[in-house]
Structures are given as structure tokens and as C-alpha cells.
Protein chains: 2
Amino acid sequence: MKKVTINSVASYAGVSKKTVSRVLNNEPNVSDATREKVLKVFKELDYTPNPIARGLAQNRSFIIGCLYDNPSKSYITRVQTGALAACHDHNYNLLIHPCELRGQDLINNIEQLLQTSRLDGIVLTPPFSDFPELVTFLKSKKIPYARVASAVLEDDSISVRSNDEQGAFEITEHLIKLGHKEIAFIKGHPDHSATEQRFKGYRRALASNGIEFNERLVEEGNFSYHSGVDSARTILDLEPRPTAVFASNDYMAAAVLKLATQMQLKVPDDISIAGFDNAPIARHIWPGLTTIAQPVEEMTHQAVTQLISHISEPQETPYQVTLEAKLITRESTAAIK
Amino acid sequence: MKKVTINSVASYAGVSKKTVSRVLNNEPNVSDATREKVLKVFKELDYTPNPIARGLAQNRSFIIGCLYDNPSKSYITRVQTGALAACHDHNYNLLIHPCELRGQDLINNIEQLLQTSRLDGIVLTPPFSDFPELVTFLKSKKIPYARVASAVLEDDSISVRSNDEQGAFEITEHLIKLGHKEIAFIKGHPDHSATEQRFKGYRRALASNGIEFNERLVEEGNFSYHSGVDSARTILDLEPRPTAVFASNDYMAAAVLKLATQMQLKVPDDISIAGFDNAPIARHIWPGLTTIAQPVEEMTHQAVTQLISHISEPQETPYQVTLEAKLITRESTAAIK
DNA sequence: TTCAATGCTGACACCGGTGTCATAATGTCG
DNA sequence: CGACATTATGACACCGGTGTCAGCATTGAA
């Protein structure tokens with residue numbers, strides 16, 4: 001069984017390579033008869049063009065890189081799922097590249113990645129989406145990129161986000177409507193722009209409901225479960241104890257829940273707990289966490305789709321979309337008694 | 001800034017392309033003087049060979065595919081981490097390919113993957129590692145592959161596993177030593193060979209401690225959290241209720257814990273619960289789950305490393321290794337009262 | 001009827017590497 | 001010192017596609 005190449009197809013069909021190439025790429029200036037003939041040979045010989053040869057000729061790799069540095073495995077897989085789907089739609093492949101934002105010489109790392117892998121474009125996921133040094137670098141290298149869940153919009157690039165501020169607002173208001181006034185807040189990792197956004201939403205909800213913001217109720221976390229434990233320890237020891245805790249993601253919320261349970265507190269009777277992200281753990285624990293669900297797959301899918309179409313035909317119009325986040329109510333929040 | 005290719009290096013160094021190529025690939029028959037000279041030019045021009053051109057010439061892609069179909073995000077990311085590390089060590093890239101074992105026409109799906117991506121090799125993770133149809137297909141196509149966590153060893157291929165049977169034996173014996181005699185068991189997904197292995201270990205521990213195996217205490221799960229809930233419902237309603245439950249993975253164990261808690265049972269005072277895999281959730285919930293930790297990254301790393309070395313120089317000697325699994329004791333198991 | 005415009009097709013170079021083979025330079029030995 | 005083996009190097013084809021351009025056929029307008 002010999003390899004089927006454009007040459008075998010051409011000689012079998014009795015036309016030139018170039019004509020076969022024209023049919024492959026749906027170029028004009030091929031008579032219908034010829035096109036039909038070639039297409040038939042494609043089927044007969046079960047021909048698939050070699051992306052590597054194509055890549056060499058066009059100086060493209062048909063590969064999109066996906067950068068991430070995230071403690072949440074579920075977030076990572078959701079990002080991958082969305083990105084993969086978009087890639088497959090356009091015969092691209094996805095190269096995953098976990099790396100540390102604060103690792104030694106990130107830019108060098110990325111430069112090497114670009115050198116050795118010849119990526120056609122890059123998807124930036126948090127916290128890279130809003131890392132100016134990296135964005136500037138990619139711009140200078142003229143590497144197309146798309147940003148997922150970025151907070152900064154004043155830019156001419158592709159950016160798909162969901163409304164973190166609004167989500168945080170809604171879940172905080174949900175707690176307020178249940179009668180809570182003393183609502184502790186655990187911040188996320190300072191490198192993530194979502195951290196600031198969620199904090200803003202929390203404060204806006206307090207303000208718009210006439211509740212005074214209290215600095216003492218705010219703890220610094222970093223999205224990791226472990227940081228949630230530390231923050232929870234401080235918060236649960238406060239006198240008087242807040243009646244609710246809103247953690248910036250579900251892992252930290254789960255940590256609060258664990259500690260509260262260890263301290264014999266009943267959730268939600270003694271204290272309400274809310275998270276963010278709707279990670280699997282939110283429904284794997286008891287009580288299930290009230291949280292905010294974001295369309296992560298959808299965001300990434302749109303970002304990559306736009307990125308690919310931008311690569312094939314560069315356009316000036318930026319693509320910037322904000323998708324909706326949704327409140328999911330579970331058992332961890334209840335009316336104050 | 002022009003592109004730096006092998007041609008520019010050659011003319012700049014005053015030698016032929018071929019000589020540059022020889023230096024690149026550490027081939028013999030280059031005088032030390034010439035080699036030095038060329039290496040210096042590499043540095044000066046900051047040259048990196050184009051893997052696409054190389055791939056075309058050698059009919060290789062320098063890409064390894066990674067197949068998986070697994071509900072556990074943490075398992076997937078661990079697999080990816082190990083595989084990526086091995087790939088980077090050898091200037092390979094990793095292409096992730098989630099797909100359904102029982103999906104429509106798996107073989108076709110994979111065939112298309114091979115056609116369009118020109119993979120140099122494939123890593124099979126459970127449940128693909130022990131799926132005969134796929135293995136046979138890859139063999140017939142002469143695609144190098146490596147199997148991770150496969151149970152079947154009578155094969156001449158690369159296979160790296162950990163000892164599921166022994167792990168299950170140890171954790172069951174751990175329960176027995178705590179005084180438990182009525183130990184329920186929740187099976188995993190029948191497509192995974194680990195399911196059978198873990199069950200075997202459970203039975204061996206019972207047998208070697210003179211406890212009679214009781215069919216009534218065994219439930220069919222499929223590794224998903226949801227299936228754990230179903231199994232838990234049945235188990236916790238048994239009269240008399242077993243004093244311990246050993247679930248084939250942590251998600252199902254977490255489900256048992258959730259249901260037990262909802263039923264006002266104290267864990268581990270009223271009932272002990274053990275899991276398998278040491279997934280993040282095992283330490284994110286309260287009480288933390290006693291479980292078995294497997295070196296997933298290490299397994300995948302070894303498998304991919306071997307796969308790549310097999311690709312560069314095919315050898316007949318199969319590489320088959322079994323790594324150790326380790327018992328991790330947390331709060332969810334305790335002596336019977 | 002003639003000439004320009006347009007449509008269709010193929011020859012050929014090119015992308016950036018590697019493989020083959022011929023040849024020049026050097027070393028070895030009787 | 002000449003015959004021969006060995007080492008070092010380069011010319012050139014090749015991998016499987018795409019881009020450029022020339023040439024021929026056909027069509028439309030003058």
C-alpha cells in the first residue's frame with residue numbers, strides 16, 4: 001500500500017499537481033468537469049493532504065498554542081475542551097502549554113515555544129490574558145493571539161470574557177436578600193484580573209443595598225484550596241462571626257466549608273457559604289455550594305474560532321464579546337435565622 | 001529581520017547545507033574545526049531548525065498523541081503533565097485527543113486523527129490501554145504506541161502500570177485491621193481494566209484474612225460521582241449496614257460520604273469510607289478520604305519517554321514496568337467501635 | 001473578422017530540511 | 001613512495017505541498 005500524495009492523485013487523474021492543489025483549496029478557475037474528476041480520485045484513493053508539506057510551503061503549522069497557569073484542573077479541562085472543539089472545526093491542532101506566570105523568564109520560555117513549535121496563534125487564558133509584558137511581546141513578534149476571560153477591553157485584539165463583576169454582584173445580592181449583612185469575602189490570586197472584578201461586584205452589591213463595606217471581613221486568598229483554609233481560619237474566628245462567606249472560587253469555598261464543619265458549625269444554618277466557577281467540587285460536597293457558573297468552554301471556543309479566522313484572513317475589526325454568568329443556588333446558602 | 005534558515009547559516013559559515021545538517025544532528029564525519037565554526041554561527045544568528053521542514057523530509061511530525069476518555073479531570077491533567085514533560089525532554093509535542101471508547105466508530109475517529117495529524121506515536125490511557133480492537137488496529141497500521149495503566153502484560157509493547165490489585169489489597173486489609181468485617185465494595189467502569197484489578201485485590205484481602213466474600217456487599221459503579229450516589233444509596237440502606245465502604249475511586253467515595261452525611265451518619269465513627277486514586281477531592285472534603293496514591297505522572301512520563309526512544313530507534317525488547325501504589329491514611333477510616 | 005479580456009491548465013521554482021553518492025583530502029601500510 | 005582505506009565535504013535530488021507565471025482556448029466587443 002503506497003502512500004497517496006498529491007502526485008499520485010495528479011497522475012491518476014491525468015492532471016497537474018497544481019490543478020489538484022486548486023481543487024483541494026477550492027480555488028476558482030477550475031472547470032467543473034476537472035473538479036469533479038479530481039474529487040472522484042480523492043475518494044477512490046482515499047487521499048488526505050499532508051499538513052506538514054502544506055505547512056512548509058505556507059510557513060504555517062496549523063497549530064494553536066494554549067497557555068495556562070491555573071490550579072483548577074476542572075477549569076483547565078474546560079478550557080481545553082472548548083479550544084479543541086474550535087480547532088477541530090478548522091483542521092487545526094491544539095498544543096497545550098502549562099507554564100508559570102511568575103516562573104523564571106516567562107518571555108524566554110514563550111519565545112522558545114514559538115521558535116520550536118511554530119505556532120500559528122496563541123490563546124491566553126487567565127492569568128496570562130491580562131499580563132501586559134506577554135501581550136506586548138506577542139504583538140512585537142506579530143503572533144496572533146486571543147484572550148479568554150480578560151478584564152481589560154481597551155485593545156484591538158480578540159477577547160472573549162464573561163461578566164465576573166456582575167456575577168459577583170448577583171451572588172452577593174443573593175446573600176443580602178437572604179438577610180445577610182456581615183458577608184466575609186475571600187479574594188483570589190492577585191495576578192488574575194478576575195480577582196479584582198469579583199471584588200468589585202461584591203462591593204457594588206453591598207453599596208447598592210446600603211451595607212457598609214468592612215475591611216475586616218476581607219481576606220487575601222489565591223484561588224487554591226490551601227489558601228482558602230488559611231482565610232477560613234481567620235474569618236471563622238472573627239467576633240462576631242460573619243453570617244456568610246463569599247469566596248472568589250469554589251475551592252476556597254470548599255475549604256471554608258471543611259473548616260466550618262470541623263468546627264461543628266452547621267452550614268447553612270450557622271453560616272452560609274458561596275463560591276464561584278461552578279467547579280465539580282461544588283456539587284460533590286455536602287451541602288452543595290451556591291456558586292456562579294461561567295460558560296468557559298463557550299468562551300474558549302469563540303476565542304479560538306475567531307483566532308483561527310483571523311489567521312486565515314487578518315482583519316482589523318476586533319472581536320470582543322462578554323458572555324453571561326449564571327447564579328446556581330444550592331444548599332450552602334440560606335436565610336439568616 | 002530575515003528568517004534564519006539552514007541556508008543562511010550555511011552561506012554565513014561558508015559550508016554546505018549538508019554540513020550544517022550534519023552538525024545539527026551530531027552526525028560523525030565532520031572535522032572539529034568545521035563543527036566549531038558552525039556551532040558558533042548557530043549562536044550568532046540564533047538559529048533554530050524548522051521542525052516542519054524536518055518533518056517533511058523525514059516523514060515525521062514530532063508529535064505524540066494522547067488518547068483519553070476519563071471522567072476525572074485531575075487524572076487527565078496528571079496524565080498530561082507527565083506526558084508533556086517527557087515530550088519536552090525530547091523536543092516532541094503533545095496532541096491531546098479526548099474521545100469516547102464506546103463512541104460511534106472509534107477506529108474511524110482514530111484513523112482520521114492519524115491521517116490528518118501524522119502522529120509519530122500514541123499513548124493510550126485507560127480505558128484505551130486495554131481495548132483490543134484499538135491495539136490491533138494500531139499494530140496493523142504500524143503506529144508505535146505505549147500503554148499506561150494497562151492490566152494485560154502478555155504483549156510485546158511498551159506498558160507502564162501501577163499495581164492496582166496490590167493497592168486494593170492493602171487498603172482493604174487496612175480496613176480489616178481496623179476491625180471491619182462487613183466491607184462494601186463499589187466497582188468501577190467495566191471498560192477499565194483497573195476495575196477488575198481493584199476488585200481482585202479486595203477479594204484477595206478478604207480471603208487472606210478469612211472473611212467470607214459477600215456478593216450482596218458489591219455494587220456496580222462506573223467511576224463517576226453520580227454512579228457513586230446510586231451505589232451509596234443501596235449500600236447505606238442495607239440491613240445490617242456494613243461498617244465500611246471501599247469505593248473504586250475517590251469520586252464515588254466522596255459520593256458515599258455525601259450521602260452518609262445527609263443521612264446523619266458520622267464518618268468514620270458510624271461508617272468508614274475508603275477511596276482510590278488520591279484525587280484532589282480526597283483532601284478537599286471533610287473528613288479527608290483514606291485512599292491509594294498512584295504515580296500517574298511518573299507512569300505517563302516513563303511510557304512516553306520509552307515511546308519516543310522506540311520511535312527514534314525501534315527495538316524489539318518490550319518495556320514493561322510496574323510502579324508502586326501507596327496507601328494514604330486520612331480521617332475517613334477508623335477502628336470499629 | 002480581429003483583438004483584447006478572461007478562463008483554464010501546467011511547468012517550474014520554492015519552502016527548509018535530510019539522504020545518496022561522488023569526490024577531494026588525509027592517513028596507513030607494505 | 002605508491003596503493004589503498006578512511007575521513008571530510010558538497011552537489012543534487014527529494015519530501016509533498018503552494019505560488020508565479022506563461023501559454024493556450026474561449027468568449028465578447030469593436
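Convention: sequence-line order gives letters A, B, ...; per-chain numbering from 1. Quantities reported herein were computed from a predicted structural model and do not represent experimental measurements.
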Within this structure, what is the [atom1]-to-[atom2] distance between [X] and [N], rounded to whole angstrom?
{"X": "Phe62(A)", "N": "dC15(C)", "atom1": "CZ", "atom2": "C1'", "value": "13 Å"}
{"X": "Glu27(B)", "N": "dT7(D)", "atom1": "CD", "atom2": "C1'", "value": "14 Å"}
{"X": "Lys17(B)", "N": "dC15(D)", "atom1": "NZ", "atom2": "P", "value": "14 Å"}
{"X": "Asn26(A)", "N": "dC8(C)", "atom1": "CG", "atom2": "P", "value": "14 Å"}
{"X": "Leu24(A)", "N": "dG16(D)", "atom1": "CG", "atom2": "C1'", "value": "11 Å"}

- prompt: What pairs of residues pass the salt bridge (charged side-chain N to carboxylate O under 4.0 Å, His left out) test when at least one of them lies in residues 107-116 of chain B, not counting sequence neighbours?
  reply: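 Counting only pairs at least two positions apart or across chains, the salt bridge (charged side-chain N to carboxylate O under 4.0 Å, His left out) contacts touching residues 107-116 of chain B are Glu111(B)-Lys141(B).
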
Under 3.5 Å, which donor-acceptor pairs link side chains of residues 61-70 of chain A to any protein atom two or more places apart or in another chain?
{"residue": "Ser61(A)", "atom": "OG", "partner": "Ile63(A)", "partner atom": "N", "Å": "3.2"}
{"residue": "Ser61(A)", "atom": "OG", "partner": "Arg118(A)", "partner atom": "O", "Å": "2.5"}
{"residue": "Ser61(A)", "atom": "OG", "partner": "Asp120(A)", "partner atom": "OD1", "Å": "3.3"}
{"residue": "Tyr68(A)", "atom": "OH", "partner": "Gln80(A)", "partner atom": "NE2", "Å": "3.4"}
{"residue": "Asp69(A)", "atom": "OD2", "partner": "Leu101(A)", "partner atom": "N", "Å": "2.9"}
{"residue": "Asn70(A)", "atom": "OD1", "partner": "Ser72(A)", "partner atom": "N", "Å": "3.1"}

Can you check nucleotides 9-11 of chain C for protein contacts, nitrogen or oxygen pairs under 3.5 Å, and list what you find?
{"residue": "dT9(C)", "atom": "OP1", "partner": "Ser31(A)", "partner atom": "OG", "Å": "3.1"}
{"residue": "dT9(C)", "atom": "OP1", "partner": "Thr34(A)", "partner atom": "OG1", "Å": "2.4"}
{"residue": "dT9(C)", "atom": "OP2", "partner": "Ser31(A)", "partner atom": "N", "Å": "2.9"}
{"residue": "dT9(C)", "atom": "OP2", "partner": "Thr34(A)", "partner atom": "OG1", "Å": "3.4"}
{"residue": "dG10(C)", "atom": "OP2", "partner": "Ser16(A)", "partner atom": "N", "Å": "3.0"}
{"residue": "dG10(C)", "atom": "OP2", "partner": "Ser16(A)", "partner atom": "OG", "Å": "3.3"}
{"residue": "dG10(C)", "atom": "OP2", "partner": "Thr19(A)", "partner atom": "OG1", "Å": "2.7"}
{"residue": "dG10(C)", "atom": "N7", "partner": "Arg22(A)", "partner atom": "NH1", "Å": "3.4"}
{"residue": "dG10(C)", "atom": "O6", "partner": "Arg22(A)", "partner atom": "NH2", "Å": "2.5"}

Other residues, nucleotides, ligands: >12 heavy atoms within 6.0 Å of [X] [atom1]:
{"X": "Asn25(B)", "atom1": "CG", "result": "yes"}
{"X": "Glu133(A)", "atom1": "CD", "result": "yes"}
{"X": "Gln112(B)", "atom1": "CD", "result": "no"}
{"X": "Asp105(B)", "atom1": "CG", "result": "yes"}

- prompt: Heavy atoms, side chains only, cut-off 4.5 Å: are Asn163(B) and Glu324(B) in contact?
  reply: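 No, side chains not in contact.
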
- request: Can you tell me which residue pairs pass the ring pair (Phe, Tyr, Trp, His ring centres under 6.0 Å) test with a partner in residues 4-46 of chain A, sequence neighbours excluded?
  value: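 Checked against ring pair (Phe, Tyr, Trp, His ring centres under 6.0 Å) - neighbours excluded - the pairs reaching residues 4-46 of chain A are Phe42(A)-Tyr47(A).
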
query: Quantified as the angle between the terminal helix axes (five pairs each), what is the overall bend of the helix from dT1(C)-dA30(D) to dG30(C)-dC1(D) to 10 degrees?
result: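 Axis angle across the helix from dT1(C)-dA30(D) to dG30(C)-dC1(D), nearest 10°: 40°.
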
task: Run through Thr48(A), Val41(A), Val9(A), Asn50(A) and flag the one making a side-chain contact (heavy atoms from CB on, under 4.5 Å) with Val4(A).
output: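 Answer to the side-chain contact (heavy atoms from CB on, under 4.5 Å) test with Val4(A) among Thr48(A), Val41(A), Val9(A), Asn50(A): Val9(A).
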
query: Is any side-chain N or O of Asn7(B) closer than 4.0 Å to OP1 or OP2 of dG17(C)?
result: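 So the side chain of Asn7(B) is outside the cut-off, no N or O lying under 4.0 Å from OP1 or OP2 of dG17(C).
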
field: Aromatic plane relationship, His192(A) with Phe223(A) - under 30° parallel, 30 to 60° tilted, over 60° perpendicular
entry: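 Because their plane-to-plane angle is over 60°, the rings of Phe223(A) and His192(A) count as perpendicular.
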
Residues from residues 43-60 of chain A lying under 4.0 Å of DNA chain C - heavy atoms: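 Residues of residues 43-60 of chain A that come under 4.0 Å of DNA chain C are, in numerical order, Leu56(A), Ala57(A).
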
message: Exactly one of Gln294(B), Glu298(B), Glu297(B) should register a side-chain hydrogen bond (donor to acceptor under 3.5 Å, both in side chains) with Arg78(B). Which one does?
response: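 Among the candidates, only Glu297(B) passes.
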
